[in-house]
Amino acid sequence: MDLRDNALFVGLSAEAKRELGHSFSPRRYAEGSRIIAADDRSTDLFLVVSGRLSVRSFADDGHEVAFVEIGPGAFFGELAAIDGGPRSADVMAAEESVLATMRAEALREAVLRHPQLGLNLAIHLAGRVRDLSGRVFEVSTLRSSQRIRRELLRLARNGYPTLNAVDIRPAPTHYEIAARTSTHREAVSRELSALATRRILRTGRKTITIIDMAALERLAES
């Protein structure tokens, strides 16, 4: 298992990466597969080798809250691997994906042998806390249109720059954006149409192109 492109192993020696690579087992998942379920008692750590995954939760009434999408080079499942507690969210394969798993016991042993691995985990978890704190603030204080603009800005910052624009591809559906921003699909459609009218973005098949990043940043922060 090649660990060079995974954020969890930044700063480790080539020898350490080779050693840890033997602890992972690859597996392929079809689009739509449920990889882990909220409250599941499994504890494996997962690395994303290829594909795209969606992390989300469902309320008792069926309301969906989407947290994030993750792709190659990312990892997930670290909370249960660290503390042995139940899974905190569902993880679904948004497209065919190849993942590699490591047993929780192997991860804990590796952290004790390689302090840099523990530091990388701590930095990752600190980033998650900051991100979730920011999202709680947005849901608590901002209008739905403002939350949608900020989500578009987050997506654009991880998008694909072109000569005069940024492509978000594959773009999430209106429903997925609504789930991430705690609003509804109609509000997303209205806001995208309004931004398109102002020539800030244009939409295409599975693509949202941000034409004017500066204007979107001003609107997102206003």
Side-chain angles (χ1 to χ4, degrees), residues 1-58 62 64-125 127-128 131-132 155 158-160 168-173 175-176 179-180 206:
M1 177 71 195
D2 189 347
L3 305 180
R4 286 177 297 180
D5 296 329
N6 195 280
L8 181 57
F9 303 100
V10 170
L12 270 69
S13 68
E15 181 181 353
K17 291 177 182 178
R18 282 195 299 271
E19 171 204 326
L20 293 170
H22 295 304
S23 300
F24 286 91
S25 302
R27 182 177 175 184
R28 187 177 301 274
Y29 293 84
E31 180 178 349
S33 299
R34 186 188 301 273
I35 296 157
I36 57 176
D39 297 323
D40 187 8
R41 301 301 303 197
S42 64
T43 57
D44 286 350
L45 173 75
F46 293 81
L47 306 185
V48 185
V49 179
S50 65
R52 186 168 54 93
L53 311 174
S54 177
V55 183
R56 57 190 64 197
S57 288
F58 296 88
E64 178 183 341
V65 178
F67 296 112
V68 69
E69 282 198 350
I70 54 179
F75 61 92
F76 63 94
E78 71 281 359
L79 295 183
I82 292 170
D83 67 6
R87 299 294 191 180
S88 57
D90 291 349
V91 179
M92 310 288 293
E95 61 188 34
E96 184 178 6
S97 302
V98 176
L99 308 178
T101 61
M102 174 188 259
R103 293 182 301 103
E105 296 82 1
L107 175 64
R108 295 181 196 133
E109 292 171 4
V111 167
L112 294 176
R113 290 198 310 274
H114 305 288
Q116 182 64 47
L117 181 60
L119 178 60
N120 291 346
L121 268 174
I123 292 171
H124 168 75
L125 292 173
R128 284 188 59 182
D131 180 63
L132 290 173
L155 290 167
N158 291 309
Y160 299 87
I168 300 168
R169 63 176 192 272
T173 65
Y175 175 81
E176 289 170 334
R180 294 184 195 185
K206 296 186 177 181

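Since the model is a prediction, treat every value here as computed from it, not as a measurement.
- Under the rule for a ring-ring contact (aromatic ring centres under 6.0 Å, His included), the partners of Phe75 that lie at least two apart in sequence or sit in another chain are His124.
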Per-pair distances, 0.1 Å, donor-acceptor, side chain in residues 6-15, under 3.5 Å, sequence neighbours excluded:
| residue | atom | partner | partner atom | Å |
| --- | --- | --- | --- | --- |
| Asn6 | OD1 | Leu8 | N | 3.0 |
| Asn6 | ND2 | Gly73 | O | 3.3 |
| Asn6 | ND2 | Ala74 | O | 3.2 |
| Ser13 | OG | Ala16 | N | 3.0 |

List the atom pairs, donor and acceptor, that lie under 3.5 Å between side-chain atoms in residues 106-115 and the rest of the protein, sequence neighbours left out.
| residue | atom | partner | partner atom | Å |
| --- | --- | --- | --- | --- |
| Arg108 | NE | Ala81 | O | 3.1 |
| Arg108 | NH2 | Ala81 | O | 3.1 |
| Arg113 | NE | Glu19 | OE2 | 3.1 |
| Arg113 | NH2 | Glu19 | OE2 | 2.6 |

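- Applying the salt bridge (Lys or Arg N to Asp or Glu O under 4.0 Å) rule to pairs touching residues 36-45 yields nothing, sequence neighbours excluded.
- Judged as a side chain to side chain contact (heavy atoms under 4.5 Å, CB included), and not counting sequence neighbours, the contacts of Thr173 are Tyr175, Glu176.
- Legend: salt bridge (Lys or Arg N to Asp or Glu O under 4.0 Å) pairs involving residues 22-31, not counting sequence neighbours, sorted by first then second residue: Arg28-Glu96.
- Here the side chains of Pro26 and Val49 are not in contact, with every heavy-atom distance at 4.5 Å or above.
- When the salt bridge (charged side-chain N to carboxylate O under 4.0 Å, His left out) test is applied to Arg103, the partners found at least two apart in sequence or on another chain are Glu105.
- Put simply, the side chain of Phe76 reaches to within 4.5 Å of the side chain of Val91, judged on heavy atoms.
- Applying the salt bridge (charged side-chain N to carboxylate O under 4.0 Å, His left out) criterion to Arg52, with sequence neighbours excluded, gives Glu69, Glu95.
- Of the listed residues (Ile35, Val98, Leu53), just one forms a side chain to side chain contact (heavy atoms under 4.5 Å, CB included) with Tyr29, and that residue is Ile35.
- Across all non-hydrogen atoms, the minimal contact from Gly21 to Leu3 is N-CD1, 3.7 Å.
- Within the structure, salt bridge (Lys or Arg N to Asp or Glu O under 4.0 Å) contacts touching residues 79-90 (residues at least two apart or in different chains) are Arg34-Asp90.
- A heavy-atom distance below 4.5 Å is found between the side chains of Leu79 and Leu125.
- No side-chain heavy atom of Leu47 sits less than 4.5 Å from a side-chain heavy atom of Leu99.
- Ser97 and Gly51 make their closest contact through OG-CA, 3.5 Å (heavy atoms, listed as atom of the first residue, atom of the second, distance).
- For Arg169, the salt bridge (charged side-chain N to carboxylate O under 4.0 Å, His left out) partners at least two apart in sequence or on another chain are Asp167.
- By the side chain to side chain contact (heavy atoms under 4.5 Å, CB included) test, Leu119 is found to be paired with Gln116, Ile123, residues two or more places apart in sequence or in another chain being considered.
- Scanning both residues, Ala80 and Ser42, for their nearest heavy atoms gives CB-O, 3.7 Å.
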